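Structure first, commentary second.
The analysis underlying the following values was restricted to heavy atoms, covering all of them including side chains, and did not include hydrogens, waters or symmetry mates. Source: prediction; values computed, not measured. Along the sequence shown, residues are numbered consecutively beginning with 1.
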Amino acid sequence: MRILVHAVFILLIGLVTFFGLGPVLLADGSMRERLVTGVIVLVIYLILGFGYRKGIGWAERKRN
């Protein structure tokens, strides 16, 4: 079960990195637009990190 949780979160973080940081770094928009997008991406990373910790804890409890 832990391997499945790891795989799902690796996939999600990879997608957020590709579709989130790409526009921040490579967009030709204004600096304000880049900063707003960067903040949104950072919030998504924090949510994923929190979910990852909860998911690993859940997988450990389910294993026992």
Side-chain angles (χ1 to χ4, degrees):
M1 185 57 90
R2 282 184 56 187
I3 293 173
L4 181 63
V5 172
H6 287 302
V8 166
F9 278 97
I10 288 171
L11 177 67
L12 288 174
I13 290 171
L15 288 171
V16 170
T17 300
F18 183 74
F19 291 111
L21 288 181
V24 171
L25 297 175
L26 304 173
D28 57 352
S30 66
M31 184 57 79
R32 182 176 182 199
E33 182 182 343
R34 287 181 175 187
L35 287 175
V36 169
T37 306
V39 168
I40 292 170
V41 169
L42 183 62
V43 168
I44 292 171
Y45 277 131
L46 291 173
I47 292 169
L48 283 176
F50 179 75
Y52 178 68
R53 287 182 59 161
K54 290 293 184 179
I56 291 298
W58 174 77
E60 285 296 322
R61 284 191 307 272
K62 190 169 177 89
R63 189 173 96 174
N64 292 332

For the pair F9 and Y52, name the ring-plane relationship: parallel under 30°, tilted 30 to 60°, perpendicular over 60°. perpendicular
Does I13 belong to the same Ile/Leu/Val/Met/Phe/Trp/Tyr cluster as L21, with side-chain heavy atoms less than 4.5 Å apart forming each link? yes
What distance separates I3 CD1 from I10 CD1, expressed to the nearest 0.5 Å? 10.5 Å
What distance do L15 atom CG and I44 atom CD1 have between them, rounded to the nearest 0.5 Å? 11.0 Å
Look at the side-chain heavy atoms of Ile, Leu, Val, Met, Phe, Trp and Tyr, link any pair under 4.5 Å apart, and say whether V16 and L11 land in one connected group. no
Verify the cluster assignment for L35 and L42: are they in a single hydrophobic cluster under the rule of side-chain heavy atoms below 4.5 Å apart? no
Would you indicate whether L25, at its atom CG, is surrounded by more than 12 heavy atoms from other residues, nucleotides or ligands within a distance under 6.0 Å? yes
Please tell me whether V8 and I56 are part of a single hydrophobic cluster in this structure, the criterion being side-chain heavy atoms less than 4.5 Å apart. yes
Is there a path of hydrophobic side-chain contacts, each under 4.5 Å between heavy atoms, that joins L4 and L12? yes
